[in-house]
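The next block holds one structure in the form of structure tokens; read it before the comments.
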Amino acid sequence: MLDRKYLIDHADLVQQNCHNRGVAVDIDTLVSLERQRRERLAQVEELNRKANEVAKSIGQTKDAVEREARKEEGRRLREEKDAAQAEHDRLERECHALQAAIPNMTHPNAPVGGGDHANVEVRRGKTPIRVFDFTPKDHVALGEALGLIDLDGGARTTGHGFYFLRNEAVLLELALQRYVLSVLEAEGFTLTTTPDLAQNHILEGIGFLPRGPETQVYSIENSDLSLVGTAEITLGGLYSGQTLDAEQFPMKVCGISHCFRTEAGAHGRATRGIYRVHQFTKVEMFAYTLPDQSDAIHDYLMDLECRIFDGLGIPYRVIDTCTGDLGGPAYRKYDLEAWMPGRGTAGEWGEVTSTSNCTDYQARRLDIRYRVKGEKGTRFAHTLNGTAVAITRAIIAILENYQQADGSIVIPEALRAWVGKDRIAAKS
RNA sequence: GGAGAGGUGGCUGAGUGGUCUAAAGCACCGGAUUGCUAAUUCGGCGUAGGGUUAACUCCUUACCGCAGGUUCGAAUCCUGUCCUCUCCGCCA
């Protein structure tokens, strides 16, 4: 959510930004409603002030008749105030609804446009794309042949989009978690495990829509809880309503969670295997920073994602996401796309991680503030998030990039200590 | 799940319908004073919104877990709800 005053004072900039992002909003209506709201607010406060005066004078009035007259006056003022208040609240709700629909402002260097062709590749990983002297299989074939992924079992027990990992895939999942935790711990992240459910107002604060036809969220019946789609939700909610100390910043936290996504409307689009599933495990990085730190921390998170995939020996490219593809809260977003040799006809890039600078957009909704020692008042923190590792996509990249002609799969060097072996042997 | 107790400023903690504009202490900030790792003393010390201004300058509204209600007036009374603590039960 953007600041109300900023919206009113920079209506043109906001309008242009919404246009760049392909979001239709009516700024003029908002400006007009907000003006009405403020008039009404002034009225409410004036009536309240008068009523307070009257109420106070009654305590000091001895004369019974006079007291009754004052009481009547007080009653009248409160009634008027209640009416004005109701009108104000109605305007406030309208303003808030319009305001909440407006996306974050955008980094001046983010590429303007929409669609894949507008995205800009900004970097390549250290590992070159491997040239195969045999036809590489995709992760579905590999997973089936080696007894690593059971999609049928998942479909039987739970439904399409669910799966069982088996044998070495289980070890890989745990190894990947352990590997990124060792990187993040050394970088000073606070390691956490997190709730897999969160209250709906937290989801909304982060920018998810727990309700409505377009929701990507599983909600729990007869409660205000939803399953989280990412630990970004809980890590962002962690300090909601809090005023933090500026000296704590930048504050780096990482969290392991299960991620649940309905993926409504995504059928048929790259749904093969475990690429797009309804549940997976992820280690998420999250940072709370001062406003002038967030750009640098965003680059830092992107660097860490690169280091993690360089360390795994997987080829990737980094994309600076164009304005049309940015989610509402993101000021700027980088995606890492790993090379997946089994995708498409001759391999394709597939998104494996993503990192966003959300500036104060989430903090304003979640009420996450900070205080600078010696300064009056508080300000909103900046929040950033980034994927350290999304297990299913990382497993796809490993299986497909490390497959051998004999059908076996070499375990990436960085994971061997955690997996306890250096190769997944081919089944005879 | 049952029974009880309790949520008040950064912290401790008073406050049971009207100078609460929330006592006091601690902590913190500024000044004064005194020769000894500091004491004493004076003052200041919240957040958010609106208006106003050269200026957090002045005015004002709201906020005592949260949401309602009663009342001219609520930290205080009523209802609901959330959370914390203690004991019991159950449990990985």
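Naming convention: chains lettered A, B, ... in sequence-line order (proteins, then strands); numbering from 1 in each chain. Note that the structure is predicted; figures quoted are calculated from it, not measured.
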Classify the nucleic acid contact of A:Leu41 as base, sugar-phosphate or nothing, counting any heavy atom under 4.0 Å across all strands shown. sugar-phosphate
For the P atoms, the ones on B:U71 and on B:A14, what distance do you get once it is rounded to whole angstrom? 32 Å
For A:Arg364 and B:A48, give me the distance from atom CZ to atom P, rounded to whole Å. 13 Å
Give a yes or no on whether a donor-acceptor pair under 3.5 Å exists between the nucleobase atoms of B:G49, that is its base, and the side chain of A:Glu45. yes
A:His298-A:Tyr334 aromatic ring centre distance below 6.0 Å: yes
Within the 4.0 Å heavy-atom criterion, would you say A:Lys81 contacts the bases, only the backbone, or no part of the nucleic acid? nothing
Taken to the nearest whole Å, CG/A:Leu244 to P/B:U47 is 15 Å
d(CD, A:Glu53; C1', B:G18) in whole Å: 15 Å
Tell which nucleotide pairs with B:U21, taking only Watson-Crick or G-U wobble pairs whose two distances are both under 3.5 angstrom. none
Please determine whether the number of non-hydrogen atoms from other residues, nucleotides or ligands lying under 6.0 Å from atom NZ of A:Lys427 exceeds 12. yes
A:Asn48 side chain N/O closer than 4.0 Å to the phosphate oxygens (OP1, OP2) of B:A62? yes
Watson-Crick or G-U wobble partner for B:G4, using a 3.5 Å limit on both distances? B:C85
Whole-angstrom distance between B:G44 and B:C58, as gauged at atom P: 13 Å
Say you pick atom P in B:U76 and the same atom in B:G17; how far apart are they, in whole Å? 11 Å
Considering heavy-atom distances to RNA chain B, does A:Arg371 or A:Ala42 have its closest nucleotide positioned more toward the 5' end? A:Arg371
Rounding to the closest angstrom, what is the interatomic distance between B:A54 and B:U61 at atom P? 24 Å
Set out, in order, the CA-CA distance, both residues' side-chain angles and the distance that settles side chain to side chain donor-acceptor pair (under 3.5 Å) for A:Glu187 and A:Tyr300, then state yes or no. CA-CA 11 Å; A:Glu187 287 294 322; A:Tyr300 166 75; 2.7 Å; yes
Would you say a side-chain N or O of A:Asn52 is under 4.0 Å from OP1 or OP2 of B:A62? yes
Taking a pair as Watson-Crick or G-U wobble with both distances under 3.5 Å, which nucleotide is matched to B:A27? none
Name the pairing partner of B:A92, where a pair is Watson-Crick or G-U wobble with both distances under 3.5 Å, or state none. none
Does A:Arg343 make a cation-pi contact with A:Tyr275 (under 6.0 Å, within 45 degrees of the axis)? yes
Is the distance from OP1 or OP2 of B:C20 to the nearest side-chain N or O of A:Lys56 less than 4.0 Å? no
Whole-Å C1' distance, B:C59 and B:U53: 11 Å
At under 4.0 Å, does any side-chain N or O of A:Arg49 touch on OP1 or OP2 of B:A62? no
If we call it a pair only when both distances are under 3.5 Å in a Watson-Crick or G-U wobble match, what pairs with B:U40? B:A32
Who is the Watson-Crick or G-U wobble partner of B:C66, with both distances under 3.5 Å? B:G80
Under a 3.5 Å cut-off for both contacts, is B:A75 paired Watson-Crick or G-U wobble with anything, and if yes, with which nucleotide? none
Under a 3.5 Å limit for both distances, which nucleotide forms a Watson-Crick or G-U wobble pair with B:U52, could you say? none
Please check the phosphate of B:G50 (OP1 and OP2 only) for any side-chain N or O of A:Arg38 closer than 4.0 Å. yes
Would you call the rings of A:Phe249 and A:Tyr288 parallel, tilted or perpendicular, where under 30° means parallel and over 60° means perpendicular? parallel
Starting at atom NZ of A:Lys71, determine the distance to atom P of B:G18, rounded to an integer number of angstrom. 14 Å
Testing A:Asp295, A:Asp320, A:Asn104 for side chain to side chain donor-acceptor pair (under 3.5 Å) with A:Arg332, which one passes? A:Asp320
Closest nucleotide of RNA chain B for A:Asp3 versus for A:Ala55: which of these residues is on the 5' side? A:Ala55
For a quick test of reading the model: is some side-chain N or O of A:Arg78 closer than 4.0 Å to OP1 or OP2 of B:U71? no
Between B:G25 and B:U8, how many Å separate the two C1' atoms, rounded to a whole number? 15 Å
Taking atom P in both B:G4 and B:A92, what distance in whole Å separates the two? 28 Å
Compare side-chain N and O positions of A:Thr378 against OP1 and OP2 of B:A48 and report whether any pair is under 4.0 Å apart. yes
When rounded to the nearest Å, what value does the distance between P atoms of B:G69 and B:C63 take? 13 Å
Quick check: are there more than 12 heavy atoms from other residues, nucleotides or ligands sitting under 6.0 Å from CZ of A:Arg76? yes
Measure the distance from CD on A:Glu39 to P on B:U60 and round it to the nearest whole Å. 22 Å
